Protein chains: 2
Amino acid sequence: MAVTIKDVAKLANVAPSTVSRVIANNPRISEQTKRRVREAMEELGYHPNYNARSLANRSTQTIGLVMPSSADKALQNPFFPEVLRGISTKAHEKEYTLYLSTGATEEEMLQGVMGMVHGRRVDGIVMLYSRIDDKIMAFLEQQNFPFTVIGKPLVNPDSITHVDNDNFRAAKDVTDHFIGKGHERIAFVGGNLDLVVTVDRLSGYEKALREADIPYRDDYVVHVEFLKEGGHEAVMELFSLEQPPTALVVADDLMALGIMSKLDEMGLSVPQDVSIISFNNVMLAEYASPPLTSVDINIFQLGYQAVNCLLEKIDDNEMASKRVCIPHQVVDRWSVRTLNESEKVN
Amino acid sequence: MAVTIKDVAKLANVAPSTVSRVIANNPRISEQTKRRVREAMEELGYHPNYNARSLANRSTQTIGLVMPSSADKALQNPFFPEVLRGISTKAHEKEYTLYLSTGATEEEMLQGVMGMVHGRRVDGIVMLYSRIDDKIMAFLEQQNFPFTVIGKPLVNPDSITHVDNDNFRAAKDVTDHFIGKGHERIAFVGGNLDLVVTVDRLSGYEKALREADIPYRDDYVVHVEFLKEGGHEAVMELFSLEQPPTALVVADDLMALGIMSKLDEMGLSVPQDVSIISFNNVMLAEYASPPLTSVDINIFQLGYQAVNCLLEKIDDNEMASKRVCIPHQVVDRWSVRTLNESEKVN
DNA sequence: TTTTATTAAGAAATCGTTTACAATAAATGA
DNA sequence: TCATTTATTGTAAACGATTTCTTAATAAAA
């Protein structure tokens, strides 16, 4: 059917093994035969069959990607295309290709991952999220299969190679930022508490308050299911309090967008009535009205480094696991206002 | 190393071929031996090696996905996660897995696709976009490799199986919608003219105007490079005209968002000063302030059906190519205002 | 009882590579 | 001149499945 290494061998009058060596550019083959073989390949339009190669090699040169469940609204977050860009850049550099694992339920996804691992479809896996008590991660660990995580694994983070931001610090920075601008009634709107990133950011927020001697109020902390409906509820709760907050630390740009839309409906305006800082700094943050002050977590690098670590791991699975921390940076736009003295009274 | 079919065979005291038949649930094997073999598989924790299988079978049970260049901002569009959801749903149903082709430049992407095809990594390909004069599509056609396109191919659309909306009609509907509400100064803000979808929508817009005897004005048609900066320029142009438009047909929700942000800056409000209808109805349309009236193009179905067609094609490559048209529907929200009589004077 | 079907399972070839191990020929050195 | 390197290529056995023939055993038919 298709042209194989044998056809090339025949035409070039050499053995198949020689052709294989030419492909690998093995120095033990003379330049002369190399030329002859290459001409034959050219003439026949030969291309190696990757399946055969993987079989013989026991390596696939592909890495598996585990994204959140396709049913999960979180997938709509522009975070993913961007992290994918980082991943694919590094993968391309090293001539690795990408295999996508999907599924609607956690069970379906686990099946998919088990298929990748057992079926030897991939050499390693990068997990694009980090959830508390995740079965997939548990499985990979138990199998001792090379993988890296984007975000911080909750259970034994020290034995799992991962790349993450210092989310604790980032949230603290943001909260400090507000405090520095005179805010004291600062609320925290987090995402799904199953995500480690949420709890990290919440701790950072708490710490900043504590350091500034601002009392932590339970009713200033809400968690929403990431997309619109949730955002609306949260805003309702927050702003029907006797003392509504003047500033919001929001765990995600998209959530901030939803909140702003609700605020708008309620006749509150940003930043006059409420200041907002959110996380991720996806392109949309710039689009919002007003443009959102957001902390840039360098999503591209998260992906790029995750693959980098994974490749090291694939190369030597016994290598010590490590944690790579990607720097963040708050980028100022127009969603934050400085309170003046008279407003500061609580 | 890993447990193979031979190990199972040995333990179950049968030949490897028998094990293979048990896996395929071949009726020529007695229930009794099937049970024995299955027990052995269980005991050893056997899982078939997909590479070996693909090699023997000449089929990979995986489909390749060609997305826009990872450098392309368009990738940030929530269109993609949603279409991916459709794709992965159908793929899962039929036990196909997904292979991702990426690349920063068109050349890089073409290399990737050539790799998939020649290296027999995938059984078929779905193209997630349709661009004018696309090399990848040309390559696939020339190779007679099974593929389907989401969107309408410009060159010989009749010989390429594709799934698309009736974008001409959709744009006409939207424009008619505006006309029905008394608008006459209707502008069109399109995306990249290389994308077939853009030209289709533009024609629909024109047609509606013509039918309503509203003159087509060149200065009411602008094209922007999809993301923010472009959106801003376009708005500037449009609203610095002597007779600025009262309604905007915008080719994409995200673009509409950018435009609204600029409008806000200029002190114009939606829908009081300008009405907007955009396309795609991604979740964000609901978030915007005000929530956007948008035409739902049923993105999920685009993906789902594309895979459906592809699988038919893989099954029988000689099958006639077809065009599947996914219905659309404009969903009304709050970005459109009805002009009253006094305003209608031009 | 012999012949013919039928059923169940094994033997061996195949898919397209890679690679350990030979093999050959030319070059070197004593 | 003959042993020994060295450089180059070939042989054949993996890699882990599938699948086409066979074959052995049993049941049915003659």
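All of these numbers come straight from a predicted model, not from anything done at the bench. The analysis underlying the following values was restricted to heavy atoms, covering all of them including side chains, and did not include hydrogens, waters or symmetry mates. Reminder, nothing fancy here: chain letters follow the sequence lines and each chain counts from 1.
Of the side-chain N and O atoms in B/Thr33, none sit less than 4.0 angstrom from OP1 or OP2 of C/dA8. Dashed line: the shortest gap from a side-chain N or O of B/Arg53 to OP1 or OP2 of D/dT18 is under 4.0 Å.
Within a 6.0 Å radius of CG in A/Asp133, other residues, nucleotides and ligands contribute 12 heavy atoms or fewer. More than 12 non-hydrogen atoms from other residues, nucleotides or ligands lie less than 6.0 angstrom from CD of A/Gln142.
Residue B/Asn13 contributes atom CG, which lies 12 Å from atom C1' of C/dG10 at whole-angstrom precision. Rounded to an integer number of Å, the gap from OH of B/Tyr46 to P of D/dT18 is 6 Å. Note: CZ (A/Arg58) to P (D/dA13) measures 17 Å, nearest angstrom. With rounding to whole Å, A/Asn51 atom CG is found 22 Å from D/dA14 atom P.
A donor-acceptor contact under 3.5 angstrom links the side chains of A/Asn25 and A/Lys34, judged on distance only.
With hydrogens and angles left out, the side chain of A/Ser17 and the base of D/dT11 share a donor-acceptor pair within 3.5 Å.
Using a 4.0 Å heavy-atom distance criterion, B/Ser20 is classed as a base contact.
If one axis is set at each end of the helix from C/dT1-D/dA30 to C/dA30-D/dT1 from five pairs, those axes are 60° apart, to 10°.
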